[in-house]
Structure formats: structure tokens, C-alpha cells
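Reading through the C-alpha cells given below for one structure.
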Amino acid sequence: MTAPQQHKYLLTEDEMPTSWYNLIPDLPAPPPPPLHPATHEPIGPEALAPLFPMALIEQEVSAERYIPIPEAVQDIYRLWRPSPLFRARNLERALGTPARIYYKYEGVSPAGSHKPNTSVPQVYYNVQEGVRRITTETGAGQWGTALAFACSLFGVECEIWQVGASYDQKPYRRLMMEAFGGLVHRSPSALTESGKAILATDEHHPGSLGIAISEAVEVAAQDPTTRYALGSVLNHVLLHQTVIGEEALLQLAKAGEDRIDLVVGCTGGGSNFAGLSFPILREKLAGRFDPEIRAVEPASCPTLTRGTYAYDFGDTAGLTPLMKMHTLGHSFVPDPIHAGGLRYHGMSPLISHVYELGLMTAKAVPQTECFEAGVLFARTEGILPAPEPTHALAETIREARQCAETGEEKVIVTALCGHGHFDLAAYDAYLNGRMVDEETPDERFAPSLAELPTI
Ligand SMILES: *Cc1c(COP(=O)(O)O)cnc(C)c1O
């Protein structure tokens with residue numbers, strides 16, 4: 001009898017990483033600093049103090065390679081971590097590919113995505129510094145759910161501005177946030193000056209992440225016991241997600257792999273992609289592996305592949321510091337595609353920098369191809385993916401099909417960063433022939449790119 005084929009590679013709780021990995025000290029050049037929105041001078045940590053607790057600001061600018069994960073955070077991580085690494089044997093078979101496809105699955109978390117990896121430490125550090133209420137924005141609702149979950153564990157109030165279009169279309173996400181004790185507002189709202197300004201132009205404005213960020217930031221900046229939390233983009237968020245890649249490296253070793261040829265992840269603000277790929281990039285920079293690291297973004301919100309690398313605001317109203325990043329312009333309102341978590345006008349400054357250094361590549365994929373990949377994945381591997389990681393799956397499938405032609409036995413690792421149980425309306429649109437790919441001529445991006453601040 002031959003040994004049964006192994007599908008998943010698991011770690012025990014005591015094999016869970018005890019530090020986060022900070023890529024910055026290993027890069028050949030440091031990323032450009034954030035600038036003050038009015039003076040355009042580099043800002044010091046104190047400029048962020050009205051919004052974030054000091055511990056997170058220190059992590060944002062840290063030059064330490066490893067930052068210990070507090071015991072209390074490790075204890076909560078153990079509710080779902082270490083997460084499984086699967087070998088997609090059924091998908092490989094369906095594609096007839098000699099490639100070996102691995103996916104790191106973060107849908108096992110209480111919120112169903114990778115987001116609690118950062119919401120838990122963020123709330124922990126806020127509580128340490130006496131914060132009583134945390135505000136945030138959410139697009140599809142995954143970040144709001146993850147933050148409301150973490151706030152409920154620590155007994156902190158959570159107030160969430162949800163992008164109008166998804167508030168209207170995704171009542172179940174809102175109910176999940178409310179079940180965890182979150183207070184949810186449709187954005188733009190009449191509760192903030194930023195929201196009122198947008199509502200004056202259109203009473204039923206569908207909102208955007210940029211607008212919702214303006215609202216949450218405005219409220220936090222006005223109250224000394226309230227802080228703001230961001231679910232992606234910033235260095236400390238990417239840092240917290242590196243538990244994903246650290247675990248994946250141990251699991252790939254258990255699977256007997258001594259090389260990685262391709263790492264693929266979807267990018268909205270870049271956190272799940274960085275979480276998987278930064279520890280692998282460390283190994284690449286050290287000469288231990290030589291994979292191509294590839295980000296995949298939606299064709300209708302292509303920040304890396306078609307945006308400009310420039311200083312821009314993180315929000316629509318221009319309240320945040322200026323960050324040098326790949327951006328379509330802070331006034332860009334993406335089409336209402338189904339991958340709500342990928343509809344952000346900018347890209348993490350750290351990922352933008354890594355991209356500029358030539359250490360990674362990027363591609364844009366239209367949404368119908370993504371859902372086709374998502375359905376094939378569900379029918380072979382049994383997990384219905386969130387719309388966001390279907391972008392990474394579409395690219396993985398393209399590569400695996402190419403391997404079927406060339407005979408290459410590529411080792412492909414991808415981030416399956418969440419399940420799609422709350423995204424069935426999107427699958428309905430796809431399965432019933434109502435999903436379209438929007439045209440994206442350059443004129444679509446020109447007006448917002450013309451509004452980039454001049455530095
Ligand atoms: C939030 C989210 C994303 C997009 O955010 P990143 O910071 O780019 O990871 C992607 N997938 C899922 C499942 C999400 O919840």
C-alpha cells in the first residue's frame with residue numbers, strides 16, 4: 001500500500017511564531033517618509049499621536065527586524081492559529097498540471113479572513129494606553145467585523161463607517177459587526193463634516209473607502225479617549241500579518257519543499273499579500289529561495305499596474321499625512337466591483353517601495369475571470385473563496401495551465417485570505433450571467449490623477 005497523499009500541513013500551537021517580522025531593515029533602501037498634509041515636511045511620530053497609540057506608532061517606524069508578539073495577543077491568536085497550509089491536489093488534477101499549488105488559508109479565523117491578525121494586536125495596544133473607543137472604516141465589512149470581534153474581547157467600544165454601496169448590499173456583514181457589539185454607520189454619514197460635504201453633492205452617494213476613512217479619522221481626532229484603526233496599508237498592519245508567511249515557511253518545509261518558484265497574492269491595501277510574501281522575501285534577499293513574488297489587483301482598480309508612484313492622501317478629504325505610494329488619486333471612486341476589499345485608490349507605501357525596488361511584480365485581472373477561478377476552486381478544493389483572493393487564484397490557475405504546457409513543476413504558493421460565505425450575492429451575479437467586466441480606458445483614471453497634490 002502506498003502512503004496516502006497529504007492534503008494539509010499543520011503546525012501545533014507551540015509552533016506558532018512568537019515574533020512579527022519587519023522587512024524594512026532588510027531592504028537595500030528605506031521607504032520615503034510620510035509628509036505633513038499642509039507643510040509637506042516629513043512628519044515625526046508625534047504627528048500621528050491623535051490617531052494611534054504610541055506602541056503602534058513605534059512599530060510603524062521601527063528599525064527592529066523582529067518584534068515580539070505580546071503573550072495576551074498570542075493567547076487570542078491561538079483561537080484559530082496556526083492556520084492550515086493546503087496542497088491543492090484536486091485543483092492540480094483538474095488542471096492536469098505538474099505544478100504543486102499550496103494555499104495558506106486564513107478563512108479559519110473568527111471573522112473569516114486574515115484581518116483579526118492585526119485587529120487583535122491593534123486593540124490590545126490601544127487598551128494598554130487607556131483608549132475607550134476605536135473608530136474605523138470598512139468596505140466589504142471584513143475589517144469592521146475583525147475589529148468589532150477584537151473590541152468585544154477587550155471590552156472597548158467600536159464605531160464603524162461602512163462604505164454606502166456595501167452597507168446597502170451586504171446587510172449580513174453589518175449584522176455580524178453588530179453581533180460583535182459594533183456600532184455601524186452608512187458612509188457618507190451626516191455625523192461628520194467630511195460626510196456632510198459629500199452628501200451635499202449626492203444624498204445617495206455610494207461612498208468609497210477614502211470617504212469612510214475621512215469620517216472615522218475626523219471623529220477619532222476630536223476625542224482624546226478615541227483612536228482610529230486601519231485594517232491595511234500601514235507598516236504596522238503589514239507587520240502583524242507576517243505570522244502568515246512565517247507559518248507558511250515552516251509548513252512548506254514539512255511538505256518537503258526546498259524551493260518556491262512563485263508567490264501570488266491579491267492586493268487591496270496590500271496586507272495579506274505582505275503577510276505571506278515578506279517573510280519569503282527575507283529568504284529571497286538572503287539567497288535561500290528565489291521565487292517571483294507577484295501581486296494581483298482588479299483590472300478596474302489597478303493601483304500598482306496603472307497608478308502613479310507619488311505622494312498622495314490616504315483618504316478623500318485630505319486629512320491623513322501624505323504617503324508616497326502607487327495611487328489612482330485620492331478622489332478616485334472605483335467601480336462597484338464585487339471584490340469590495342480591493343477597491344482602494346492607493347497601495348501600501350511599503351509595498352509600493354518594494355515594487356519600485358524591483359523585488360516583486362504585479363498584474364491586473366478582470367473580475368469574471370476571477371469568479372470563474374473561484375468557482376473552479378470551490379468545486380475542486382471545497383472552499384468558497386472570498387471575491388478578493390479569487391484574483392490570486394485566477395493568476396495561480398493561469399500559471400498552472402502554462403506549466404501543463406511546458407511540463408514545469410513549479411512550486412506555487414498563494415494566499416487564500418478569506419472565505420466567501422458573505423459574498424453569495426456576488427456569486428449569484430456571476431452564476432446567473434449578470435457579471436460584467438467594465439472597460440478601463442486611461443480616461444477613467446485621468447481626472448483623479450490630475451488632482452494629485454504637487455509636492
Ligand atoms: C480586506 C481584505 C482584502 C484586501 O486587503 P489587503 O490589505 O490587500 O489584504 C483582501 N481579502 C480579504 C478576504 C479581505 O478581507
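FYI, the numbering just counts along the sequence from 1. This one's a predicted model, so the numbers in the text were calculated from it and none came from an experiment. Both counts, for ligands and for their atoms, begin at 1 and track the order of listing. Below, all heavy atoms of this structure are taken into account, side chains as well, without hydrogens, waters or symmetry copies.
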What does the contact table look like for ligand 1 (nitrogen or oxygen on each side, cut-off under 3.5 Å)?
from, atom 1, to, atom 2, distance (Å)
ligand 1, 7 (O), Ser232, OG, 2.5
ligand 1, 7 (O), Gly270, N, 3.3
ligand 1, 7 (O), Ser271, N, 2.8
ligand 1, 7 (O), Ser271, OG, 2.7
ligand 1, 8 (O), Gly268, N, 2.7
ligand 1, 8 (O), Gly269, N, 3.1
ligand 1, 8 (O), Gly270, N, 2.8
ligand 1, 9 (O), His114, NE2, 3.0
ligand 1, 9 (O), Ser271, OG, 3.3
ligand 1, 9 (O), Asn272, N, 2.9
ligand 1, 9 (O), Asn272, ND2, 2.8
ligand 1, 15 (O), Lys115, NZ, 2.6
ligand 1, 15 (O), Gln142, OE1, 3.2

Handout entry: Where Ile383 and Phe377 come nearest, the two heavy atoms and their spacing
Key = O-CD2, 3.4 Å
Exercise for the section: Look only at the side chain of Ser113 and the backbone of Lys115, and say whether a donor-acceptor pair between them is shorter than 3.5 Å. Expected result: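 Indeed, once roles are kept as given, a pair shorter than 3.5 Å links the two residues.
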Handout entry: Under 3.5 Å: donor-acceptor pair, side chain of Glu283, backbone of Asp290
Key =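 Here the side-chain-to-backbone pair does not exist.
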Under 3.5 Å, which donor-acceptor pairs do the side chains of residues 385-396 form with other protein atoms, sequence neighbours left out?
from, atom 1, to, atom 2, distance (Å)
Glu388, OE2, Gly341, N, 2.8
Thr390, OG1, Pro387, O, 2.5
His391, ND1, Pro387, O, 3.3
His391, ND1, Glu388, O, 3.1
Glu395, OE2, Arg294, NH1, 2.6
Glu395, OE2, Lys363, NZ, 3.1
Thr396, OG1, Ala392, O, 2.8

Fill in the blank from the handout: By side chain to side chain donor-acceptor pair (under 3.5 Å), Asp423 pairs with (sequence neighbours left out) Lys170
Kindly list each side-chain donor-acceptor pair under 3.5 angstrom involving residues 54-62, sequence neighbours excluded, with atom names and distances?
from, atom 1, to, atom 2, distance (Å)
Gln59, OE1, His240, NE2, 2.8
Gln59, NE2, Tyr125, OH, 3.1
Glu60, OE1, Asn235, N, 3.2
Glu60, OE1, His236, N, 2.8
Glu60, OE1, His236, ND1, 2.7
Glu60, OE2, Asn235, N, 3.0
Ser62, OG, Glu64, N, 3.0

